[in-house]
Amino acid sequence: MTYVVTEACIKCKYTDCVEVCPVDCFYEGENMLVIHPDECIDCGVCEPECPADAIKPDTEPGLEKWLSLNNEYAKSWPNITQKKDAPADAKDFDGMDGKFEKYFSPNPGAGD
C-alpha cells in the first residue's frame with residue numbers, strides 16, 4: 001500500500017502534508033502535488049493533514065489512475081519538503097468536480 005494524491009489537490013495545492021512527511025516523498029507540480037509511491041512508507045500521517053481531502057490510500061477502489069499519475073510525475077517534478085502558502089484562489093476550487101480535465105498541468109512546480 002501507498003498513499004496517492006488525487007484530483008482534489010488540483011488548483012488547491014495545500015502543502016500541509018509535506019510538513020509532516022517523515023520521508024519527504026512529495027513532489028510539486030504547477031498546480032498539484034504528488035507522492036512518489038516507491039518512497040512513501042505508508043505511515044499515513046499526511047492523509048488527515050490535507051484540507052482538501054486529496055490524499056487517499058491506494059487500496060481504495062478506483063485510484064489506479066491516480067497511482068499511475070503520482071508515479072509518473074514524481075519522477076520529473078521537484079521535491080517539496082516545506083509548507084508554502086496555498087494559491088490565493090484555492091478555496092474557490094476546493095471540492096470542485098472535474099478539475100483534472102479542466103485544470104491539470106503536467107508542468108513542474110518550484111520545489112524547495
Side-chain angles (χ1 to χ4, degrees):
M1 183 182 84
T2 187
Y3 284 83
V4 297
V5 180
T6 63
E7 178 175 53
C9 184
I10 297 171
K11 298 286 276 182
C12 291
K13 200 166 99 170
Y14 300 113
T15 55
D16 305 60
C17 53
V18 303
E19 194 170 54
V20 298
C21 181
V23 294
D24 300 334
C25 65
F26 282 89
Y27 292 81
E28 184 182 14
E30 181 177 32
N31 64 11
M32 77 173 290
L33 304 176
V34 295
I35 294 173
H36 195 305
D38 294 337
E39 295 175 2
C40 178
I41 60 170
D42 315 327
C43 68
V45 297
C46 60
E47 186 179 18
E49 295 300 317
C50 180
D53 196 29
I55 301 172
K56 303 289 182 186
D58 73 345
T59 52
E60 285 192 14
L63 294 180
E64 297 81 10
K65 166 186 174 176
W66 293 104
L67 178 58
S68 178
L69 185 135
N70 277 243
N71 187 46
E72 177 183 350
Y73 289 100
K75 293 174 182 172
S76 61
W77 288 352
N79 190 239
I80 179 171
T81 62
Q82 298 175 9
K83 184 177 177 175
K84 298 179 180 181
D85 291 337
D89 60 354
K91 290 198 184 307
D92 297 338
F93 293 95
D94 198 343
M96 181 185 289
D97 290 328
K99 293 195 290 184
F100 182 77
E101 292 76 19
K102 292 179 187 174
Y103 303 114
F104 174 76
S105 170
N107 298 326
D112 284 342

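Below, all heavy atoms of this structure are taken into account, side chains as well, without hydrogens, waters or symmetry copies.
Not a single donor-acceptor pair under 3.5 Å links the side chain of Asn79 to the backbone N or O of Gly111. Remark: side-chain polar atoms of Asn31 are not paired, donor with acceptor, to backbone N or O of Ile10 under 3.5 angstrom. A donor-acceptor distance shorter than 3.5 angstrom exists from the side chain of Thr6 to the backbone of Ala54, with no hydrogens or angles considered. Between the Lys13 side chain and the Gly29 main chain, a donor and an acceptor come within less than 3.5 Å of each other.
Sorted by first then second residue, the ring-ring contact (aromatic ring centres under 6.0 Å, His included) pairs that include residues 41-69, not counting sequence neighbours, are Trp66-Phe100. Within the structure, ring-ring contact (aromatic ring centres under 6.0 Å, His included) contacts touching residues 44-63 (residues at least two apart or in different chains) do not occur. Annotation: salt bridge (Lys or Arg N to Asp or Glu O under 4.0 Å) contacts involving residues 43-54, sequence neighbours excluded, comprise Asp53-Lys56. Judged as a salt bridge (Lys or Arg N to Asp or Glu O under 4.0 Å), the pairs with a partner in residues 72-88 (not counting sequence neighbours) are, in order, Asp16-Lys83, Glu28-Lys84.
Across Ala8 and Cys12, no two heavy atoms sit closer than the pair O-SG, 3.7 Å. Shortest non-hydrogen contact noted between Pro78 and Pro108 is CD-CB, 3.7 Å. In terms of heavy atoms, Leu63 sits closest to Pro57 at CD1-O, 3.2 Å.
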Please list, one pair per line, the donor and acceptor atoms closer than 3.5 Å that link side chains of residues 87-96 to other protein atoms, with sequence neighbours excluded.
residue, atom, partner, partner atom, Å
Asp94, OD2, Tyr14, OH, 3.4

Can you give each donor-acceptor pair under 3.5 Å made by side-chain atoms of residues 37-45, sequence neighbours left out, with the distance rounded to 0.1 Å?
residue, atom, partner, partner atom, Å
Glu39, OE1, Tyr27, OH, 2.8
Glu39, OE2, Tyr27, OH, 3.0
Asp42, OD1, Thr2, N, 3.4

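For Lys99, the side-chain hydrogen bond (donor to acceptor under 3.5 Å, both in side chains) criterion is met by no residue, not counting sequence neighbours. Residues meeting the side-chain contact (heavy atoms from CB on, under 4.5 Å) test with Ser76, sequence neighbours left out: Tyr73. Every residue meeting the side-chain hydrogen bond (donor to acceptor under 3.5 Å, both in side chains) condition with Thr81, not counting sequence neighbours, appears here in chain and number order: Asp112.
Note that CG of Asp58 is 12.0 Å distant from OG of Ser68, once rounded to the nearest 0.5 Å. Distance check: Asn71 CG to His36 NE2 gives 6.0 Å after rounding to the nearest 0.5 Å. Here Ile35 contributes atom CD1 and Tyr3 contributes atom OH; the two are 9.0 Å apart, rounded to the nearest 0.5 Å. The distance from the SG atom of Cys9 to the CG atom of Leu33 is 4.5 Å, given to the nearest 0.5 Å.
Glu101 places none of its side-chain heavy atoms less than 4.5 Å from the side chain of Tyr103. The shortest side-chain heavy-atom distance between Met32 and Val5 falls under the 4.5 Å cut-off.
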In sequence, state the C-alpha distance, the side-chain angles, and the governing distance for Leu69 and Phe104, and then conclude on side-chain contact (heavy atoms from CB on, under 4.5 Å).
CA-CA 11 Å; Leu69 185 135; Phe104 174 76; 4.1 Å; yes
